[in-house]
*Asks:* 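Let me give you the structure first, and then I'll get to my questions.
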Amino acid sequence: MKAYILEKYGKKQVLSLSTLPEPSLKPAEVLVEVHGTAINLLDSLIRNGEFKLFLPYKVPFVLGHDFAGTIIKVGSDVKRFKIGDKVYARPSDFKIGTFAEQIAVNEKDLALVPSNITTEEAAGIPLVGLTSWQALVEIANVQPGQKVFIQAGSGGVGTFAIQLAKHLGAYVATTTSSVNIDLVRSLGADEVIDYKKYDFSAILKDFDVVLHSNKDVKVLEKSLAILKPGGTLISLTGPPTLIIMHQFNLAFYFKLILNLLSASVRVKAKKLNVNYHFLFMKADGAALAEITKLIEAGKIKPVVDRVFGFEQLNEAMAYVETGRSKGKVILKIK
Ligand SMILES: NC(=O)c1ccc[n+]([C@@H]2O[C@H](COP(=O)([O-])OP(=O)(O)OC[C@H]3O[C@@H](n4cnc5c(N)ncnc54)[C@H](OP(=O)(O)O)[C@@H]3O)[C@@H](O)[C@H]2O)c1
């Protein structure tokens with residue numbers, strides 16, 4: 001099978017298209033013929049070497065965190081899926097590799113693709129859908145009438161999270177630039193702030209939940225300040241907390257590093273009487289199956305910016321790295 005491998009870490013590295021043997025199958029895994037994959041900033045961060053501490057992938061390896069495709073083989077212990085099923089997933093960490101014609105995936109990571117969307121649309125759902133679900137449902141437990149601020153509403157996460165928060169009954173505020181105002185409004189955002197013209201922290205107050213996805217520490221501080229007492233900020237961009245230690249089974253000395261990294265934000269959150277959470281999303285087929293139901297019920301629609309061909313992977317990654325994509329960028333494989 002053909003797959004893109006990363007041979008060396010580095011910002012300027014391109015992934016090379018190679019021929020690899022068919023992936024071997026463990027008893028609880030299925031072999032999937034990949035029809036489409038999505039590009040995530042996480043792929044670029046891993047390529048750059050920025051995640052080596054937590055995710056020490058040994059080169060050469062196949063990158064890629066999202067796929068939709070068809071099952072072509074099943075392991076002897078697989079119970080819930082069969083050959084021919086159309087499935088999608090964000091495979092577990094250390095089992096990634098969706099920039100490929102085939103991938104072996106544990107059935108616990110899988111869900112059936114929604115019947116009312118295309119395979120390309122489905123390929124863009126798992127990572128951003130699960131991120132939004134884990135933030136808004138599992139951590140924040142968003143309730144009807146609550147005020148939720150979702151940063152970067154026009155991005156991959158933002159376009160999904162706005163729709164999920166609206167489905168949960170929240171009042172949703174978001175930031176975007178003027179070109180994307182109509183898009184985020186069409187997804188249901190109640191209040192849209194053009195971040196190039198206005199400072200959201202001068203406008204928003206008494207929010208219950210913030211989904212923070214900006215790398216600027218000043219934006220993080222401003223986001224904490226718009227929460228009401230008892231409110232919750234979930235950061236997708238750090239600083240990471242001790243949760244990572246358990247998630248990645250890290251050595252004990254990481255406790256000190258993680259405590260140091262997050263000390264300042266935890267102190268600020270405590271002073272304001274608000275909660276700070278760091279989320280590094282994880283694979284979860286059961287939650288993805290809930291997302292399938294929401295898409296099939298028409299509550300959430302996929303937003304796809306561009307579909308690239310399989311031979312255009314490096315171009316597609318460069319496009320996502322501009323930070324200007326609207327919704328998801330997809331690579332069509334079959
Ligand atoms: N921790 C996790 O588990 C996790 C999971 C998913 C994503 N993330 C992280 O979350 C961040 C967002 O991910 P994503 O996939 O949604 O990114 P994305 O799709 O690349 O986001 C692109 C969008 O961001 C908007 N944008 C850029 N700068 C902005 C700003 N200052 N204010 C408001 N909007 C802005 C752009 O709109 P304009 O063109 O209008 O500026 C563009 O539409 C990334 O840093 C990613 O690495 C983390």
Side-chain angles (χ1 to χ4, degrees), residues 38-48 50-51 54-55 65-66 90 92-93 96 123-136 138-139 149-164 172-187 189 191-201 203-204 210-220 222-223 233-241 243-244 247-248 262 276-284 287 302-306 316-330:
I39 314 294
N40 289 287
L41 283 167
L42 179 59
D43 298 309
S44 306
L45 296 172
I46 290 177
R47 178 205 60 201
N48 298 350
E50 292 176 46
F51 267 73
F54 304 129
L55 293 169
H65 288 81
D66 263 330
R90 186 291 200 196
S92 290
D93 293 313
I96 64 166
I125 297 290
L127 189 141
V128 296
L130 287 169
T131 302
S132 307
W133 182 272
Q134 286 159 15
L136 300 178
E138 294 179 3
I139 299 177
F149 173 43
I150 292 163
Q151 294 170 1
S154 50
V157 175
T159 49
F160 194 100
I162 290 173
Q163 298 182 80
L164 179 59
V172 176
T174 192
T175 44
T176 192
S177 70
S178 54
V179 284
N180 293 319
I181 289 176
D182 289 347
L183 168 67
V184 296
R185 281 226 182 272
S186 75
L187 300 173
E191 189 167 358
V192 183
I193 297 165
D194 180 345
Y195 72 91
K196 293 197 171 158
K197 292 191 187 141
Y198 304 101
D199 176 353
F200 70 84
S201 66
I203 301 169
L204 306 178
V210 174
L211 182 55
H212 173 81
S213 58
N214 193 293
K215 285 195 176 139
D216 186 340
V217 76
K218 290 208 179 82
V219 176
L220 177 59
K222 286 177 177 181
S223 299
L233 181 142
I234 301 126
S235 174
L236 302 178
T237 43
T241 59
I243 195 99
I244 289 297
Q247 195 168 335
F248 295 124
S262 59
Y276 173 78
H277 290 264
F278 174 71
L279 168 66
F280 186 82
M281 64 79 55
K282 43 183 184 279
D284 184 348
V303 180
V304 172
D305 180 331
R306 281 179 72 178
M317 284 181 77
Y319 179 63
V320 170
E321 286 162 27
T322 64
R324 296 279 78 79
S325 49
K326 310 170 206 316
K328 294 304 297 176
V329 173
I330 308 296

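Atoms considered below: every heavy atom in the structure, side chains included; atoms not considered: hydrogens, waters and symmetry mates. Order of appearance sets the numbers: ligands from 1, and atoms from 1 within every ligand. Bear in mind that the values here come from a model prediction, so they are computed numbers and not experimental data.
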*Asks:* Ignoring hydrogens, just give me the one of V157, I181, V219 whose non-hydrogen atom is nearest atom 7 (C) of ligand 1.
*Replies:* V157

*Asks:* Heavy-atom contact check, 4.0 Å cutoff: does T131 meet ligand 1?
*Replies:*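 Contact check T131 vs ligand 1: positive.
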
*Asks:* Please confirm whether S177 comes within less than 3.5 Å of ligand 1 when only nitrogen or oxygen atoms on both sides are compared.
*Replies:* yes

*Asks:* Given S132, S235, S213, S178, which one has a non-hydrogen atom that is nearest to atom 10 (O) of ligand 1?
*Replies:*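 Among S132, S235, S213, S178, the closest heavy atom to atom 10 (O) of ligand 1 belongs to S213.
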
*Asks:* Which option wins on minimum heavy-atom distance to atom 42 (C) of ligand 1: G158, G156, S325, G327?
*Replies:* S325

*Asks:* Could you tell me if any non-hydrogen atom of V329 lies under 4.0 Å from any atom of ligand 1?
*Replies:*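 No, V329 has no heavy atom closer than 4.0 Å to ligand 1.
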
*Asks:* From L279 CG over to T131 OG1, what is the distance, rounded to the nearest 0.5 angstrom?
*Replies:*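 Going from CG on L279 over to OG1 on T131, the span is 6.5 Å.
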
*Asks:* Based purely on interatomic distance, does R324 place a nitrogen or oxygen under 3.5 Å from a nitrogen or oxygen of ligand 1?
*Replies:*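 In this structure, R324 places an N or O atom under 3.5 Å from an N or O of ligand 1.
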
*Asks:* Pull out every atom of ligand 1 sitting under 4.0 Å from any heavy atom of N214, numbered as shown with elements.
*Replies:* 31 (N)

*Asks:* Which atoms from ligand 1 have a heavy atom of F280 less than 4.0 Å away?
*Replies:* 1 (N), 3 (O)

*Asks:* Give the residue and atom name of whichever protein heavy atom lies nearest to atom 34 (N) of ligand 1, and the separation in Å to one decimal.
*Replies:*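 Checking every protein heavy atom, the shortest distance to atom 34 (N) of ligand 1 gives A152 CA, 3.2 Å.
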
*Asks:* More than 12 heavy atoms of other residues, nucleotides or ligands under 6.0 Å from CD1 of I243: yes or no?
*Replies:*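 At most 12 heavy atoms, drawn from other residues, nucleotides or ligands, come within 6.0 Å of this atom.
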
*Asks:* For ligand 1, which atoms sit closer than 4.0 Å to a heavy atom of M281?
*Replies:*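 This gives 2 (C), 3 (O) as the contact atoms.
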
*Asks:* Let me confirm one number: the OG-CG distance from S132 to L127, rounded to the nearest 0.5 Å.
*Replies:*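 So the gap between those two atoms works out to 9.5 Å.
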
*Asks:* Ligand 1 and Y195, any nitrogen or oxygen pair closer than 3.5 angstrom?
*Replies:* yes

*Asks:* Which of the atoms in ligand 1, numbered in the order shown and given with their element, are less than 4.0 Å from a heavy-atom of T176?
*Replies:* 40 (O)

*Asks:* Do NZ/NE/NH1/NH2 and the carboxylate oxygens of R47 and E321 come within less than 4.0 Å?
*Replies:*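 A salt bridge links R47 with E321.
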
*Asks:* Per the side-chain contact (heavy atoms from CB on, under 4.5 Å) rule, which among T159, D305, N40, V303 passes with K328?
*Replies:*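 Result for side-chain contact (heavy atoms from CB on, under 4.5 Å) with K328: N40.
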
*Asks:* Among protein heavy atoms, which lies nearest atom 36 (C) of ligand 1, and at what distance?
*Replies:*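 Here the nearest protein heavy atom works out to G323 O, 3.3 Å.
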
*Asks:* Nearest to atom 37 (O) of ligand 1 by heavy atom, A135, S154, A38, G124: which?
*Replies:* S154

*Asks:* Determine whether L42 and M281 make a side-chain contact, defined as any pair of heavy atoms from C-beta on separated by less than 4.5 Å.
*Replies:* no

*Asks:* Report yes or no: does T237 contribute a side-chain atom to a donor-acceptor pair with the main-chain N or O of N214 at less than 3.5 Å?
*Replies:*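 Looks like yes, one N/O pair under 3.5 Å.
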
*Asks:* Looking at every non-hydrogen atom in both residues, tell me the closest pair between I150 and T174 and how far apart they are.
*Replies:* O-OG1, 2.6 Å

*Asks:* Suppose we call two aromatic rings close when their centres sit under 6.0 Å apart. Are F280 and F248 close by that rule?
*Replies:*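 Between F248 and F280, which both carry aromatic rings, the centre distance is below 6.0 Å.
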
*Asks:* Does an N or O from L279, backbone or side chain, lie closer than 3.5 Å to an N or O of ligand 1?
*Replies:*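 Among all N and O atoms of L279, at least one is under 3.5 Å from an N or O of ligand 1.
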
*Asks:* Parallel, tilted or perpendicular, judged at 30° and 60°: which one describes the rings of F149 and F200?
*Replies:*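 Ring orientation, 0 to 90° scale: tilted.
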
*Asks:* Suppose I only count heavy atoms of G155 and a 4.0 Å limit; which atoms of ligand 1 are within that range?
*Replies:*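 Once the distances to G155 are compared, the set is 16 (O), 19 (O), 21 (O), 22 (C), 23 (C), 43 (O).
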
*Asks:* Relative to ligand 1, is T237 under 4.0 angstrom through side chain, backbone, both or neither, heavy atoms considered?
*Replies:* side chain

*Asks:* I need the minimum non-hydrogen distance between A123 and A38, along with the two atoms involved.
*Replies:* O-CB, 3.4 Å

*Asks:* Atom 46 (C) of ligand 1: which protein heavy atom is closest, and how many Å away?
*Replies:*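 Of the protein heavy atoms, L41 CD1, 4.0 Å lies nearest.
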
*Asks:* Which residue owns the protein heavy atom closest to atom 4 (C) of ligand 1, what's the atom, and how far is it?
*Replies:* L236 CB, 4.0 Å

*Asks:* Measure from the side-chain N and O atoms of Y195 to the backbone N and O of Q151, and report whether any donor-acceptor pair falls under 3.5 Å.
*Replies:*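 Pair absent, no side-chain N/O of Y195 close to backbone of Q151.
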
